[in-house]
Every structure is written in structure tokens, then in C-alpha cells.
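Contents: one structure, followed by commentary.
Atom set for the values below is all heavy atoms of this structure, side chains included, hydrogens, waters and symmetry mates excluded. By convention in this document, chain letters (A, B, ...) are assigned in the order of the sequence lines, proteins followed by strands, and residues within each chain are numbered from 1. Predicted model only: the values in this text are computed from it and were never measured.
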Amino acid sequence: MTTQNDLLLVTSSPHIHSPDNVPNAMRDVLLALLPALLCGLYFFGLPALGVIVSCVVSAYVSELLCLKAMGKEVRITEQSAAVTGLLLSFCLPPALPIWMAALGSAFAIVIVKHLFGGLGQNVFNPALIGRAFLLASFPVAMTHWSKPLDGVTTATPLGILKEATGQPLPHLSELFIGTVAGSIGETSAIAILIGGCYLLYRGHIDWRTPVSFLGTVFLLTAVVGTIKGGGIQYPLFHLLSGGLLMGAFFMATDWVTTPVTKLGRILFGCGCGSLVVLIRLKGGYPEGVAYSILLMNVVTPLIDRYTKQRVFGGGQSNG
Amino acid sequence: MGDIIKLGLFLMMVAAVAGLGVGYVNIKAAPLIEKQILEEKIRSFKEVYPEGDKVENETAKYLTAPDKILKEVNIAYKNGTPAGVLYLAETKGYAGPVTILAGFDQASGKITAVKVLNQTETPGLGAKAKDPAFQNRYKGKDSAVALEVSKTPPTKENQIQAITASTITSKAVTKGVNAAREHFVATFGATKQVKTGTVQ
Amino acid sequence: MQEYLIIIVSAVLINNIVLSQFLGICPFLGVSKKLSSSLGMGGAVSFVLVLSGAITWVVRHYILVPFDIGYMQTVAFILIIASLVQFVEMVMRKFTPPLYKALGIYLPLITTNCAVLGVAIINVQKDFSFGKAMTHSLAHSAGFTLALVLMSGIRERMEDADIPESMQGTPIALVIAALMSISFLGFSGLI
Amino acid sequence: MSLMQEFTKGIIKENPLFRLVLGTCPALAVTTSVENGLGMGAAFTGVLLASNIAISLMRSIIPASVRIPAYVVIIASFVTMTDQLMHAFTPSLYKALGIFIPLIVVNCIILGRAEAFASRNSVLPSIMDALGMGLGFTIALGLVSAFREVLGAGSFLGIQILPESIPAILMILPPGGFITLGCLLALLNKLQKKYAW
Amino acid sequence: MSKATFKGGIHVTGHKELTSQATTTVAAVPDKLYIPLSQHIGAACAPLVHVGDRVKKGQCIGDVKNFVSSPIHATVSGSVAAIEVMEHPGGSFVPCIVIENDRLEEWHESIKAHPDPAQLSPDEIRAIVLEAGIVGMGGATFPSHVKYSPVEGKSADTVILNGVECEPYLTSDHRLMLEKSDRIVAGLGYIMKCVGCRRGVIAIEDNKMDAVAVLQEAARSNPAISVVVMKEKYPQGSEKQLIYACTGREVPVGGLPIAVGVIVNNVGTAAAVADAVEFGIPLIERYVTVSGDAVQKPTNYLARVGTLFSELIAQSGGTVGEVERVISGGPMMGKTVFSPDVPIVKGSSGIVVLTKPTGQSRTEYPCVRCAKCVDVCPAFLEPTSIVKLAKRNKWDEAETANVMSCIECGSCVYVCPAQIPLVQYIRRAKQAVLAGKAKAAAVK
Amino acid sequence: MLIAVISLAVMGGLFGIILGIAGKKFAVEVDPRVEELLNFMPGANCGACGMAGCGAFAEAIVAGEVNPRLCAPGGASLYEKIAAIMGTDVSSYEERKVAQLLCQGGFEQSKMLYEYKGVHDCHLALANFKGPKACNYGCVRMGNCSRVCPFGAIQMGSDGLPVINFYLCTGCNKCVVECPQQILQLVGVSRQVHVRCLNTDKGKDARPICTTACIKCKLCEKNCPEDAVHVVPFGNGTVALVDYEKCTNCGICAAKCPTKAIQKNAAISEEVLREIGIPKDEEPGCQSCGVCKPL
């Protein structure tokens, strides 16, 4: 019997689909990261470029190798590996040796993503684990910060705050524009805000996560600020410094590793915020965004489990 | 009922034999262990104050009230006269307590040596406090001025360069040394010589 | 008060018994597949851990130390724990069958759970007072339950994940534990 | 099963750590350096050997209902002896292994062998079994610790072989233990599938 | 004026401009009509005619056996050519009465106008509705007389006429509302009388403001009837979501609208009720949209039940491009047929013919947990979690996750960036849960 | 030293007595045979026996409530062991059964009605016009049987039909229950001749849609020397069926069948089946440390 080519397609409804798909979404995230990328390149120059390129290339190569090794379909159009690589490079210091950056990126893709089954199935944010891995492995190199534009070794604003070394704290406007020491992609608040707003506009992220995250940090630091007598400056300083904005807009909103319910996202954001403040003020590290989000990643399955929505027509409304 | 007694007796016998064995080994091993501990202690005393020939624990005499940091005060004797003071101090480091031994020379009023005895700091970072390279930074510092930690190579005499990326550990060690230093200055300062007649 | 707080925070978060002290790994890997069973195991371990913490403290302070036989501590402690577990199991089975059904199957595993003996020995090493020893035991059992519950949440989610064949089972559980442990590094230096 | 087989089975086929996934606690905790790993393996083998012999000898007189407490007491006394001997003769190793020496008591391998093997076999096979299992465990610990020491500290048996800036400290921190063991297990799973021993 | 709506849902490109502006064409009646014996939810009809019999237009040719059932009528006069099993737009094979059209259009004797419809009692109206074979014309085809029958302990206070028509491409209700507004209002009056309630609501989406104006005008005479403007959002026309939007009441899980005192009918049903009550005409023709990017001239038709899809498509100038699928109903909830030679039934609101989509291939990705499905679900479910359970055959857990509350609106699939056919998995889970329940009941 | 011995001995004795008393006082009877049986169970917890798992099944056997034969995966070797433990007779146990697919409508053989797109699930595909194949009786080829098989015995072949590995198949009945078309049946392993078509339509309707359909020509019936195969009423029509009680595996009907709807397969040796045994559940729930054994 010959193959029949003239058959109609019978399938299940719905028969139309939004133009949304995974590759498009990844491309939007890359677009949203562009302002921060440009700022990073402008402020930190060639070394930053090296770190970024090595992260992205290493992520891409690891992804391809993993897919090959596991006999999975290789989809070139899908850029999630590039997103991971780029996000990781954004939270690394510009002067990091590029082999370390590449190693961290490979670790993120292989251990955190593909051992768990690949796209959509990882429990932890790969970029953040990559950063935590590098920080624990190469603490000296990972805490070597340089000044924007001239590359002189210095401390980050949060480092100055934590160590109380007597150095003057940078002005808020500097934090806003990004002319302070820090990771490649996180210094410029304005660039990140532009990217974040783009993602919000495109509907790829839910406003609940960044708002509850930043709101919690603001509230808690405002209370501490009032006690310490720092005024409004203090919470604003915390909001703008370190990787907080980057974390709130790009890491805590990662689809795969955060809760799926609306209430869950609010809890997730609040949890991240509280942990950031706890680590920054009481912990051993000056910066706690990465760890706070990772810790909430651990709790995410439980949050999902206990924040199930009330079904339509199923009794009293609570969300 | 008989069964129960039998079970009890059996377990009792096993326990007794086990106790016998352990006890026997203990009798044989205990002196060795004690010797080990003693030798270890003497070795560290020697390292911190090499010139002494006898060390006495005189904590009870010099620390009348329990101190938050200082745990032991040992006096090193040279030819029967007190020559140095060895402090055992414990401070809070990054991951847990850091125990140090600090030696002071009474004649010069200088730190003879500092040794980190116990710590649970991060390997590769704070754990480097055990490296001689770091401990030697305290050698020969004057006891008169408070020591402070600097992240960059020291520019002043009383500065100690921190271990890279481990300021907290460095500060913990320095804090212990400073506590010992203060006690040393207050008790054995140049004006107050060690009271004679304390030698037993 | 602050000392107690430090003991609690340290035991639950910083030096989590599973993720950083490596005690009780076997049940952590074995019983963390389902949330319900990990709650059961956590409950059973907490119960035995606190009870044995109390008894070992008493035995040490009123038998071992007065008679100067501190070196017998391991033998004495494990004897206490093994008997305690068996005794509790039998009592539960007889009098509270529902509770036994829920917790009982985990009880025998606890004898070889090094967390129980480990905590008892740490209590001795740190020379805790009775109150502190109890706080410490409680905090560690809370830390154990926390790690177990978090782990089981993740593993339930991983049930339908497309994990490479050779990674399935224990290997992926170990990798999850590693990543959890990395995350918990964030707490280091706290207090 | 011949005596030789009793010995070899513990090394590969029934390797306690890699195949049965027992004794994971010490395998993660003390494997920060090869020296510690091998030391632990030796102490473990000693205790296993002694307890296997003792239990095999007593197997006919132990009443079933107090079997477990009896085994535990026997094992615990051997552990205490080992503990004291190590304290006396190898103080630095004793310090490094710390709490994990007394915790050999609750290493499920020892109780497991007592229950599954020594209580059913005569002395000679029990000795072979203990030696095989001990060696298997020691090799496994050695393997794990070799990976961790080389990658995490850049040294092997204390000898520096990599420049100081290269090793990833994470490997000798707790997460490194989990990762190393997890990956080794996966690797062995894969090899097993391939060569099916 | 604030516009009523519900929580969740999606915005879909309507493509309604293709057909919404042109007046409805009366479709040519074909030579052969195929009338399926089952055009409603419930038991199939038993044929009352034999091959070779002559039938007249409006003659009852299939009778009901059960309460939940509805009779069928000949839609032309002619002779019965065959009774054969045929493809049915609902996705099954159903016996059909094939009538050879004699083009006489001779009405059956029983069809006559009622002298004074205003005097009819509720029970009489219900009997007429049953005889006229009226079913829900929005697509669910639930027999209307059943809906109007009193349920013990419950009474309706509101009748909502569903003129929302949220499915893309479809404009048949829109045209009906513009062209037969008086019939709709009259029908609503009879329905309200039949179920004994005083409030009638006609719900229309804000993309059909012309229909709103026309109906407001038509309803002016009856103060009990109001027109409510709804926000344009899919699935606004879903019964439970519509009730919530109009009245703020939530139909309980597993319950019917009557549980909250509401009866919902399609506007087409109301018009059919008016025709049946006043003129005695059974349901033999309906408004059908023929649209889609593969149709040459998208048009609205007034077509006889039993006309083949292919006939209407041919009347619209045939197809253009490579036809990939023919959908009975709208593209969100409609069903594909394997051949366009399938008859129009009482519930056929539209025929949508689509070409192969161009551009990016619709490959399925693993779920990336973006939770867009959770955000849009109008039933407040977690489609992604249910699908994960369904993939592992965990039917019990799927039931606890409220899989039975799914209305299969397809919003989740529409937004899913990973292109996962979530609704299909959910349908499978529902099937399995029902099968499990049936099995459990059988054991008892 | 003496104190050590005494105190430890006292403690040992004390605990021994307490445990002894407790053991007596709080004793709960457990039949040792349950444990013993459990050692021989396949441990797949497949539920073929209708119990909550192997443990529940073992308890039920000891209680004499169930027939050991219900454990399909265990096979004859298990029945023998159960018989040995329970002291019953083994001879009454039936022949081991395996699943047979009664459809040969692969891509080559059967005509298609439409192209199906969507979730590969037989039930879902059937919801649309009884499946994409023109034949309404055959295999839907979506692989549900393969997915539910706990033993990995069913793989989907290149022609779209499931291929059953009889050495792995334990006859647990899961696929038979799952198959919506009921074209999987459990048949004794020694049976070699099967009518592999359940199309009950008349020959003239069946032939055009599948080249290997049963066309009710009755050639099999006429040629069978044992009167073991007949075209019998089935469902809404008729179809040829083998009476396995009478069939002698001669294969004449298979040779005569014009559409090859009847097939004769190579023999499967029960000895081999028994030796291969049943694969145990990979994940070791028990870590064999032994502590959990009852006192």
C-alpha cells in the first residue's frame, strides 16, 4: 500500500497558537540583557569582554556536547545556554581569569542543567550555581574587584559597607549609573532596569517576583536604616548596590527554578529579600543575592506544593 | 521469666567481656595518650617561646575572673626565673572558634611568636592562618601598641597583613593576640616586674 | 539566651548535620524520595535523637565521669541508642499502631543512623550543659528534618525529569545534595 | 564460593561504597585528603576484621532476640580500642578523622556484614569477607579522596602537584564530596552497563 | 460603563472582520442532505422512517427514547435514500438519514403557527421546545427542554443569553444578533416564562458594539431584559466564566449553573425557541460561519442541517493554498474532521479551514515552568502539574489536582511557549478518572 | 578497670532484661513465612495480583486468602518455592502466559483515514473517529502498552506495532488492561498459532483497508485437522478464532490463510524462561544492612 499524502490533519483543539515560543523568549531575554552588556563592556573593557565571551562559548560548547552525549536532538535555535553563560558572566568580576569563567560556565551547564535532564528540568539556577561554585572554589580571584574605566583594584560598595574600612561610600547616582566596582553586568542599575522593564512589557516575567523581592529588601533595610540613623539613603543604597537588581529581574524570575503559582512567587520574592538582608547584614559575605535565590530554589518545590490555587467554584476565595 | 534473665545475663556477659577488653586496651594506651598530649603541648610551647626551659600553668593566679578570650596563662622559666608569658586565647573566627597560643618576652616586651592551635576555617582560605607565613607576621611586634589588620601590605609597624580573602580569620587571630597583649602589658608591663617569690 | 540562639542557627543552617557534617547520609539518601516518608523519618529521628541525647547526657554525667571511665563512652552510648530504638519500636507497635505504621518502619534504620550517635558525641565534645545539650539535639534534628524535607521536595519534582540513565537514583540524589550544600554555604559566617 | 571469591567480591562486585552505597558518611566526611581516606579505610578494616571474627566465633551462642545489641556492643568495643590505639600512635590522623572514628560503630557495613555474613559463616570465610570488604572500602575511599585532594588542594598525599591558584577549593568543601561521590557512582553505573560484571 | 469579565483568560486575534460585516447568505440547498441521528448530548434517536419513505420539511424523522435526548426533523421534503453510518463533526461515526431533495420545500402538516403564544403555560412551552428538537446551539448541544425542566430544590432567577462568541473567526451569532434581534428578545421572553424567572441578561463582548446597540433597542420594550457588555477575552463565552462575569456567582465544582440560580442559553437557541413557539417551526436550519485563511470568500450562511461542509466551502469559492485542517466550530475548541464531506448539525456554529502554518515549526519543547498556563487558566488549575501527573498515569493524583474542573478551553495550549498539547493530556486524565470511577461503581 | 567492667556489665544486663521483658510484653505475632516468601517474590510491586504490593501478597498467601498463581511475574519457579514453603502441591498451577498482539496492521498493511498530530496516546487517538487507521479494530500504534510494561518487554517496532519480547514478558496483564482495542491477550507460552486480526467486518469491507485482515473466507476452518479454528460471532460481526484447547500447533491454517492473518510463531522454551528469571526492581530499597530483620 502506498503512502497517502492527501490526508487532512486531525488533531486536538486548540488549532491556533500564540506566536510565543521558547526560542523567542530566550531571544527576548538576551535582548533585555543587552543594555547591561553594553554598560559592562564600556566600564570594564577588554577583560570583561574576555570573561563574557569565554562564558558564553563554554556554555554553548558544553550544551552541544551534553546533548550529543545523551543522544538528544540538538536545537541550534534555542539559546538557553547562551542566556545561562551571559547571566553567569554578568555576576563575575571583570578581572577573573578566563579559564575560571569557562570552567564555571561548563559546571553550570553540565552539572546543574544536563545531569538533571536538560532544559526545563533543573532545580537550581545554573548561572547562580556557577557563580557560587566559582566563589567557593577560587575565593581570591572571585573577590578581586576593579574600578570601572581604569581597572585599579578596589572594593565593592557593599564590601566597603561590610568591612567598614573607612573608604568613602559611593554616591547613589554613581550606583545608579554604574561607575562603581562590582561584577561585570550588575553595576549599572539603570541598564538593568531598562532590561527588566522590557521583559515585563513582553510578559515574560511576572511583576510579583521583583516587586516582592525588592520590596522586602527595601522594607527591612529601611527598618535597619532607621535604627542606625541612616535615613532613606541606607535602603536605597542596598537596593542599588551589588547584584540585587540583576537578581530580582533576571535570576529570581527564571521560569524553571521558581514557583508557578502567583502566591508562590510572592513568597519566593519575600524569602529572597529576607535572606539577602540576613546575609548582607549578618552573614560572612558582603553580598547575598546569589545564595538567597539559590536557597529559595531549594524551597521552590515545597512552595509550589503548598500554594496551590483555589479551583474556580471550589469554595472560599483566598487568592 | 527464665528466658528474660538468660537474655539479660548474656548481654551482661558480652558487655562485661567488652568492658574487659576496652579497659585493658585503655590501661595500656592511656599513658601513651597522655604522653602524646603532653608532648604536643610542650612542642607548641617551645615553638612559641623557644628559650624557656620550663613552663608552668599559672592561670589561676593571673586570671582571677574567667576571661572571654584568654583561657590560660602559662609562665615560661629560664634558669628558674620567669622569662616569658604564654597565653592560650580563643576567639570566634569565620566558621567557628580559633584557638591561638601567643608568646611574650618579659625582657623585651615583644611578641616572640604566635601559633594557631585549632581552627575550623575554610580550607584554602582562613585555614591558611596555620601557615607559618601568616603566623610569622606577628613575630617581634611590640606589645605596647594595639595591632590592627590591613588588607594591603603594612605601612605601619602595628599593622598585620591579612590573609587574602580571609579578613575575618585574620581579625580573629589578631583579636586573640591583642587580648593577650593587653593582659601582658597590664600584668607584666615594664613597670610591673613579675613578683618574685612566685616560683614554687 | 544568645548562646542558645547561636547553637540553634549554627546547627540548623550553618553546620547542617547532613549537608555540612555528613552525618545521617544513608537515611538522607534512602528515605527522601517522598515528602510523606521524609517527614516520617524526620519525626522518628528527632524523637530518638532528643531522647537519646537526654539519656546519654545523664549517663555521662552520673556514671561515666564519676567513675572516670570516659573512654567507655562510645560503647555505652551505642548500647543505649540500640536498646532505646528497639524499646521504642516495641512500645509503639503495641500501643500506638497508627504511629508505628507511620514511623515504625524507619525506626530500625535509626540504630545505624550516625546522626544520633554523632550528636551525642558532639554534645560531649563541646561539654554542653543539659539545657544546651537538649537545644543542640533539638536543633540538629530540626536541621536533619529540614534537609530531608527539602530534599524530598526536590526529588518529587525530579520524578518526571529526563535524567540520564546512569545518573538515576543515588547519583543524582548526591548531586542534588551537593548543590543544596553549595546553597547552604551562603549561611557560612552567619552569627 | 571459594575463599578467594569471598575475598574478591568485596572489591568490585559487592563493593560496599560503590555497589551497595553503604558507609557514605565517612566516605564523604574524611576524604578531603588521600592520607585521611586511607587512614579511615585502615581503621575500618581493622574493626571489621575483629568484629567479623568475634561474631563468627560466637554465632552459635548468641540468642536471636538480643542479637543486635550484642553485635553493637562487640563492634563498639573494637571501635573504642581502635580509637585509643590511634590516639596513642597516630595522633595527627586521629585528630584529622575526629568524630568519625567512634562513628565507625554505626557504619552500616560493619553491622551489615555481621548480620549477613559473619553470623552465618565460619571464621575463615568471615576473615576473607572482612578483608575483601575492608579493602574494597579502602580502595573506594582512596579513589574519592584522590579526586578531591588533587582537584581541591592540588596535592596528592600531601605533595603539591598543581600551582596554588589552580585547584578548586570547593572540592574539599562538603559540596565537593557529594559531587565526587555522585559522579563516581554514575561513572561506575555506566561502566557496569558497558562491561556488565 | 465598566465591562464585566472573569479572572484569567487570554487575548486571541479574532479574524472576525473576514465575515462580520456582510449580510448572511441563504445557502443553496443541496440535492442530498445527511441528517445524523445524534445531534445532541444524550441518547441517539431511533429512526421513524425507512429507506424509500417520502418525508416533508419539518417532519419528525427520529424520535427520542430518553429524557436527555432531542428529536430530529427532515430539513427538506423528499425521499429517504439510505440510512448509513457516516462521519460526524463531533469526531465519531454516527448513523445518518440521507434525504434526496425533491426541491418542493413542502412543509409537514404539523407545522402551524400558534394563535396566541402569549397564553402558553411554562409546561406547554417546554413541550414545544422538546418537539422542535431544540438543543444548545453554541456547540454543547445540550437538549434545551432538559435545561428548562425544574430541578428539585433549585430555582433559577436569571437567564443569561450568551452572545459573547469569543471564538476567533466565528461571527454567526454576531450576524444573528444583528439580523434577528427581535426573535432573540422574544425567545428570551419565552425562556424566562418557561423557567419562571424575572431577569434576563444578554451578554455581548465589546467587539460587537453594533449588536449591543441593536439588541438594546429591541429589548427596550421589556424592562426585565438588559444587555451586558463584556470585555473581549477568551473564553468569555464559557458558561461558568460567563455566569461569574454577569452575576459574580461561581458555579461550584462539578455543579450545573442552576446551582447558582442561573440558566445560560446561546442567542441562537433563543431565536430557535421563538420560531418554535410562535410558528411551530422545528430546528432545521442555522447560522454557520465559513471562514479561515484557506477559504476563498469567507461568508456567513443560513444553512439547512444536513448540508455537507464541502457544499458550503464550494459556495464560498472553494479553498486556496494547501489545506491542512478543516475544523467544525471555532479554532480554540472546535474539532477537526478527516474529510469535509461531513454534515452540518444543530451545533455547528462554524467551519474553519486553515492552511499549514508558515514560519517556525511547532516543535514541542520540554516544559520550562513559565507558568503562563497557570496564569491564564480560567478554572484556576495548574495545567503543567496535571500534565506531569498524566504523563506518569497518576490518575488519582490528577483527580486531587482538580483535573475534572478543566473546561478544555485551550487557553493554556494557546499561550504555552513550549507548545505542549496540555489539553490533550488533561482530556486523557479526565477520561481515565471517569473510567476509574465507572470501574469502582461497577465493583460496588 | 573493674569499675568499667562492672558498670558496662550492669548496663548490658539491665538493657538485656528490659528488652527481654519488652519483647515478651509487647510481642506482636508475625508469621516468619511471610518474610521467607518475600525473599522469593519478584519485588516489582507490579500489582498484577491485585494487592498493594509483594508484601501484601505474601501476607495474603500465608493467610491462605489468595491463590499464589495470581503472581504472574513469579512464574512456575515461584509457585514451586511457594509450594515448598507452604507445603502445598505445585502440580495444579497453570502454564505461564505471555501477551500476544492480535493485529498486524503496520504502516505497510493498513490504510489511513487521516494524519494524527498530538499526544501519542492510544485512548486520545481513538477519540477522533476511532483512530487514524481506517480499521476500527486494530492496533492504534501509539505505544501505551509499551509505556505501561513494568518489565520493558514491549518495544515499538519500525512498522509502528508493538513487539513483545516473550523472554521479558511476565504475563502481568498490565498491557492487556491498558489496551483500549483489546488486541493484546494473554496466551500460554506454548501456543504458536494465533489469528492476528480482530476485524469483525465482512471480508469486502475489511480487505480494502488492510492487506492482512481476516476476510472470513473460512479456509482455516475447512483445513484444520483438529477442528480447532472457526469463524465465530464476535463483537458486531464474526472473526476467526483459535481454540487453544484443541490446537496442536500444526500450522496448516496459517499456511492456508490467504491474507496471512493467521500466523505460526517459533516455539518459546519455558526452560529458558525459567532460567532467565525476573528482573528485580533496580533501585535497592533495602540496603541489606540487616538491622531491620525482626528480633
Side-chain angles (χ1 to χ4, degrees), chain C residues 15-16 18-26 28-30 71-83 85-86 108-122 124-125 163-185 188, chain D residues 18 21-31 65-66 68-84 87 98-112 170 173-194:
Chain C
N15 294 319
N16 185 286
V18 177
L19 298 174
S20 126
Q21 308 258 54
F22 297 121
L23 295 175
I25 302 284
C26 282
F28 175 67
L29 295 176
Y71 59 89
M72 295 303 277
Q73 132 191 342
T74 312
V75 188
F77 283 9
I78 194 66
L79 189 61
I80 292 168
I81 293 169
S83 311
V85 169
Q86 270 194 17
L109 280 173
I110 297 173
T111 314
T112 48
N113 183 343
C114 36
V116 180
L117 182 61
V119 171
I121 293 179
I122 296 175
V124 171
Q125 278 182 351
I163 302 167
E165 205 187 340
S166 51
M167 285 303 295
Q168 280 167 14
T170 318
I172 193 70
L174 283 165
V175 172
I176 297 173
L179 299 185
M180 278 171 75
S181 176
I182 290 184
S183 310
F184 270 67
L185 283 181
S188 60
Chain D
F18 289 143
V21 202
L22 295 176
T24 38
C25 302
L28 292 166
V30 302
T31 49
S65 55
V66 288
I68 303 290
Y71 292 166
V72 164
V73 169
I74 293 167
I75 296 167
S77 17
F78 285 124
V79 169
T80 309
M81 292 177 202
T82 314
D83 180 272
Q84 304 217 336
H87 198 166
I99 190 175
F100 284 91
I101 300 177
L103 288 185
I104 294 178
V105 180
V106 281
N107 189 319
C108 5
I109 307 172
I110 297 188
L111 200 56
L170 183 90
L173 295 180
F178 284 117
I179 288 187
T180 314
L181 189 57
C183 292
L184 275 175
L185 282 179
L187 197 71
L188 289 168
N189 274 350
K190 210 167 178 103
L191 286 177
Q192 188 216 7
K193 285 259 150 60
K194 217 166 177 182

- Task: Decide side-chain contact (heavy atoms from CB on, under 4.5 Å) for F18(D) and L185(D); before the verdict, give the C-alpha distance in whole Å, the side-chain angles of both, and the deciding distance to 0.1 Å.
- Result: CA-CA 6 Å; F18(D) 289 143; L185(D) 282 179; 3.9 Å; yes
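Contact tally against chain C (heavy-atom pairs below 4.5 Å) for P174(D), A76(D), G23(D): the top residue is P174(D). Of the residues considered (I172(C), I176(C), I182(C)), I182(C) shows the highest number of contacts with chain D, using heavy-atom pairs under 4.5 Å. Your options are I110(D), L181(D), L173(D), and the one with the most heavy-atom pairs under 4.5 Å with chain C is L181(D). Of the listed residues (A178(C), S20(C), A177(C)), the greatest number of heavy-atom pairs within a distance under 4.5 Å of chain D belongs to A178(C).
For the pair L103(D)/L23(C), a side-chain contact is recorded, criterion being any heavy-atom separation below 4.5 Å from C-beta on.
Every side-chain contact (heavy atoms from CB on, under 4.5 Å) that V18(C) has, sequence neighbours left out, goes to N16(C), I25(C), F28(C), F144(C), A147(C).
Annotation for Q84(D) and Y71(C): closest pair NE2-CB, 2.8 Å, computed over non-hydrogen atoms.
With a threshold of 4.5 angstrom between heavy atoms, E165(C) approaches chain D through side-chain atoms but not through N, CA, C or O. With a 4.5 angstrom heavy-atom cutoff, L170(D) touches chain C only via side-chain atoms.
S181(C) places a side-chain N or O within 3.5 Å of a backbone atom of L19(C) that can act as its donor or acceptor partner.
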